Amino acid sequence: MKYLVIFFALYFMITPRLANAQTISLNLRADFEKAYKKARAFTNTHQDSAMVWAEKCLDLAKTNAQKYKAYYLRGFNAKKLCMYGTARHDYTQAREYSPDSVSYFRINNNLANTYLAIGNHNLANKLNQQSITFNQKAKEWINLSYAYEVKSNILRKSRNKYAITILQKVIKLRKQYAPKQIGYAYERMANVLATFERYDSAIVYQRLALKHHPIKSPENQVSLHTQLARYLIMGDQPHEAHRYLEQVRNLKKPSMIQVFWENTYGLYWISQGNLTKAQQVFAQCDLLLHNLFHGSSDLVSQRTISGYIKDMYQEILTIKQPSSEVYQIYETRLESAKAYYDQASDKIRLKDSLYQQKLAYQASKGAPRFPWEWFAAALLGLGLGIGWYWKRKAQAMKADLANAQSTPPQLQKAQALLAEDAFIRFIEENIRESLPAEIESMVRYYYQGVSMKKIAQQMNTSFDKVRYRFRNLAQKLKSKSLKAFLEAYQARQNRDEVG
């Protein structure tokens with residue numbers, strides 16, 4: 001009887017505690033799933049918010065499976081934000097918590113892609129080959145096709161034509177095991193073939209991508225048609241390119257797709273020898289990209305847009321050399337775009353570095369302390385030392401950030417050029433017509449403060465001709481003189497800045 005009483009006493013003492021522990025465990029699991037769902041929701045719309053929720057997931061994660069999901073998700077978003085150091089750290093951590101070999105080598109492939117993005121081709125190739133070998137042995141054919149895709153990308157960036165052979169393997173696997181994804185493989189093949197200037201073959205695969213692509217949205221149709229038109233122009237088939245561009249003229253286009261379409265149309269006009277029309281189209285692209293760049297608040301968008309501007313100007317200068325004045329303008333714009341791209345990249349690297357240091361600091365705060373009491377004084381001193389160190393470090397990082405945000409010398413030239421562009425656009429809006437290239441160049445020189453006499457010397461013409469052009473332009477602008485119009489414009493700009 002005595003033992004029975006003890007048994008029931010223990011039972012009634014322990015059972016509520018076990019039930020309470022189980023309830024806490026269930027609540028933590030529910031909280032984790034809720035945070036994970038939020039992080040997933042932000043992944044496609046706002047990666048910075050996704051990173052915040054992924055951190056909360058890590059705080060709530062108790063099991064290896066939860067830690068795997070949280071690290072993977074944060075690494076995925078960090079890569080999308082071009083924070084490659086953080087992505088590398090999180091993918092490595094996720095790999096350690098992988099529930100099985102398939103998950104491990106899936107992460108391994110993502111890690112290879114991250115090393116490729118930072119230019120470490122050797123390590124990217126080593127990790128990717130590990131994923132290929134595993135997926136071949138395990139007969140994980142769809143995952144093998146993704147591993148081959150990364151392999152082809154590594155080879156393409158190394159300018160190795162074996163990338164084409166690897167993509168043929170991707171297409172074969174997708175046809176057999178993931179037919180709904182075959183359109184993506186055709187599109188990648190077209191892109192790789194174009195990289196090696198095999199435009200006839202690129203055209204064939206881009207037509208297949210257009211036919212089999214799973215996404216049929218208007219913007220994707222515009223993108224696919226425009227890319228096909230681009231390959232046709234490069235492959236000396238401009239008339240057919242024109243047909244594909246016209247087919248999507250009236251479809252809804254997001255801003256970047258609109259720029260892509262307009263720019264391709266400009267290349268079409270160059271292929272037809274109509275440089276005046278091409279210049280008008282490129283001017284429209286300049287305006288769209290300028291508004292996009294300065295309207296974007298996040299660094300990744302700024303980097304992406306400036307990268308596209310850089311590629312666009314390089315293409316304009318490569319395909320056919322326009323007049324010397326226009327060529328000089330686009331050369332300057334190319335240098336400006338490169339400067340903006342480098343500045344955005346530097347800021348992203350700094351952001352990535354600060355984030356990694358924050359993670360390291362949080363990890364150091366969570367590290368176990370010595371249990372012996374006689375170490376308390378030493379630990380207190382160490383804590384104060386760490387606090388002082390990180391305070392100094394934070395001040396230094398703030399200074400670095402301020403330096404990164406300052407305008408480098410090459411961007412001053414870019415900003416001056418953008419101011420010229422704005423003045424030219426303002427004139428054209430007032431006279432409701434485009435300025436001829438010769439007059440535009442004269443006006444640019446005048447905006448820079450160059451006298452009419454020196455403008456005539458620079459452009460190898462007479463002073464009277466410059467003065468005549470400016471008088472005619474002033475009449476169209478209904479102004480006493482071009483000088484008076486310029487002064488009124490600058491006064492208005494200064495008022496806007498102050499206001």
Side-chain angles (χ1 to χ4, degrees), residues 36 39-40 43 50 54 57-58 61 63-189 191-192 195 214:
Y36 185 76
R40 283 288 300 271
T43 293
C57 288
L58 281 167
T63 67
N64 285 353
Q66 289 176 337
K67 289 174 183 177
Y68 167 79
K69 289 170 69 175
Y71 273 120
Y72 175 80
L73 193 60
R74 193 172 71 179
F76 182 82
N77 281 282
K79 187 173 182 298
K80 289 187 83 168
L81 289 167
C82 302
M83 295 168 60
Y84 300 121
T86 302
R88 190 176 59 214
H89 169 272
D90 286 353
Y91 280 149
T92 303
Q93 290 295 109
R95 198 170 57 171
E96 296 302 311
Y97 292 109
S98 297
D100 51 52
S101 297
V102 173
S103 301
Y104 180 94
F105 284 102
R106 177 190 174 201
I107 295 289
N108 213 48
N109 205 43
N110 286 12
L111 201 51
N113 226 342
T114 306
Y115 277 109
L116 177 61
I118 60 177
N120 191 335
H121 292 195
N122 290 336
L123 192 49
N125 192 53
K126 180 182 176 182
L127 292 168
N128 174 250
Q129 191 55 52
Q130 289 172 1
S131 295
I132 289 172
T133 302
F134 168 79
N135 286 309
Q136 283 173 332
K137 289 179 179 177
K139 297 183 179 180
E140 291 286 337
W141 305 121
I142 296 175
N143 285 342
L144 178 61
S145 78
Y146 290 123
Y148 276 145
E149 250 183 14
V150 174
K151 180 77 169 179
S152 72
N153 220 9
I154 295 168
L155 292 166
R156 181 180 64 84
K157 289 196 175 182
S158 303
R159 306 295 297 179
N160 187 332
K161 291 184 180 180
Y162 191 60
I164 298 168
T165 304
I166 293 295
L167 270 179
Q168 286 169 343
K169 294 182 180 183
V170 173
I171 290 170
K172 186 178 178 181
L173 287 167
R174 294 282 172 85
K175 275 183 179 178
Q176 190 171 354
Y177 299 103
K180 290 183 179 179
Q181 303 295 314
I182 191 67
Y184 294 112
Y186 286 143
E187 188 180 10
R188 282 183 180 274
M189 176 62 95
N191 181 263
V192 169
T195 300

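Here the structure is a predicted model, which is why all the values come from computation and not from measurement.
Expressed to the nearest 0.5 Å, how far CD1 of Ile154 lies from CG of Asn122 amounts to 10.0 Å. Put simply, OH on Tyr186 and CD1 on Ile182 are 4.5 Å apart, with the number rounded to the nearest 0.5 Å. Within the model, atoms CG of Asn160 and OG of Ser152 stand 11.0 Å from one another, a figure rounded to the nearest 0.5 Å. Rounded to the nearest 0.5 Å, atoms CG (Leu73) and OG1 (Thr43) are 4.5 Å apart. Between Asn143 atom CG and Asn135 atom CG the span is 5.0 Å, to the nearest 0.5 Å. To the nearest 0.5 Å, atom CZ of residue Arg40 and atom CZ of residue Phe76 are 9.0 Å apart.
A search for side-chain hydrogen bond (donor to acceptor under 3.5 Å, both in side chains) contacts involving Asn110 returns Tyr72, not counting sequence neighbours. Residues meeting the side chain to side chain contact (heavy atoms under 4.5 Å, CB included) test with Asn191, sequence neighbours left out: Arg156, Thr195, Tyr231. Evaluation of the side-chain hydrogen bond (donor to acceptor under 3.5 Å, both in side chains) rule for Ser131 yields no partner, not counting sequence neighbours. With sequence neighbours excluded, no residue forms a ring-ring contact (aromatic ring centres under 6.0 Å, His included) with Tyr84. In this view, Phe134 and Phe105 satisfy the ring-ring contact (aromatic ring centres under 6.0 Å, His included) rule, not counting sequence neighbours. For Lys151, the salt bridge (Lys or Arg N to Asp or Glu O under 4.0 Å) test picks out no residue, with sequence neighbours left out. Every residue meeting the salt bridge (Lys or Arg N to Asp or Glu O under 4.0 Å) condition with Arg188, not counting sequence neighbours, appears here in chain and number order: Glu149. Legend: residues meeting ring-ring contact (aromatic ring centres under 6.0 Å, His included) with Tyr148, ordered by chain and number and at least two apart, are absent. By the side chain to side chain contact (heavy atoms under 4.5 Å, CB included) test, Tyr177 is found to be paired with Trp141, Ile142, Leu173, residues two or more places apart in sequence or in another chain being considered. Annotation: side-chain hydrogen bond (donor to acceptor under 3.5 Å, both in side chains) contacts of Gln130 (sequence neighbours excluded): Asn108.
Between Ile166 and Leu155, some side-chain heavy-atom pair lies under the 4.5 Å cut-off. Two residues are said to be in side-chain contact when any heavy atoms from C-beta on lie closer than 4.5 Å; Gln168 and Met189 meet this criterion. Looking at heavy atoms from C-beta onward, Thr92 lies out of side-chain contact with His89 at the 4.5 angstrom threshold. Residues Tyr104 and Pro99 are not in side-chain contact: their nearest non-hydrogen atoms beyond the backbone lie 4.5 Å or more apart. A heavy-atom distance below 4.5 Å is not found between the side chains of Tyr71 and Tyr91.
Shortest non-hydrogen contact noted between Ala78 and Ala87 is CB-N, 3.7 Å. Taking each heavy atom of Ala50 and Ala39 in turn, the nearest pair found is CB-O, 3.6 Å. When all heavy atoms of Ala70 and Cys57 are compared, the closest pair comes out as CB-CB, 3.8 Å. Closest approach of Ser145 and Arg174 over heavy atoms only: OG-NE, 2.9 Å.
Within the structure, the salt bridge (charged side-chain N to carboxylate O under 4.0 Å, His left out) test picks out the following pairs touching residues 81-103 (sequence neighbours left out): Arg74-Asp90. Legend: side-chain hydrogen bond (donor to acceptor under 3.5 Å, both in side chains) pairs involving residues 111-121, not counting sequence neighbours, sorted by first then second residue: His121-Ser158.
Of the residues listed (Leu144, Asn109, Val150), the one engaging Ile132 in a side-chain contact (heavy atoms from CB on, under 4.5 Å) is Leu144, and it is the only one.
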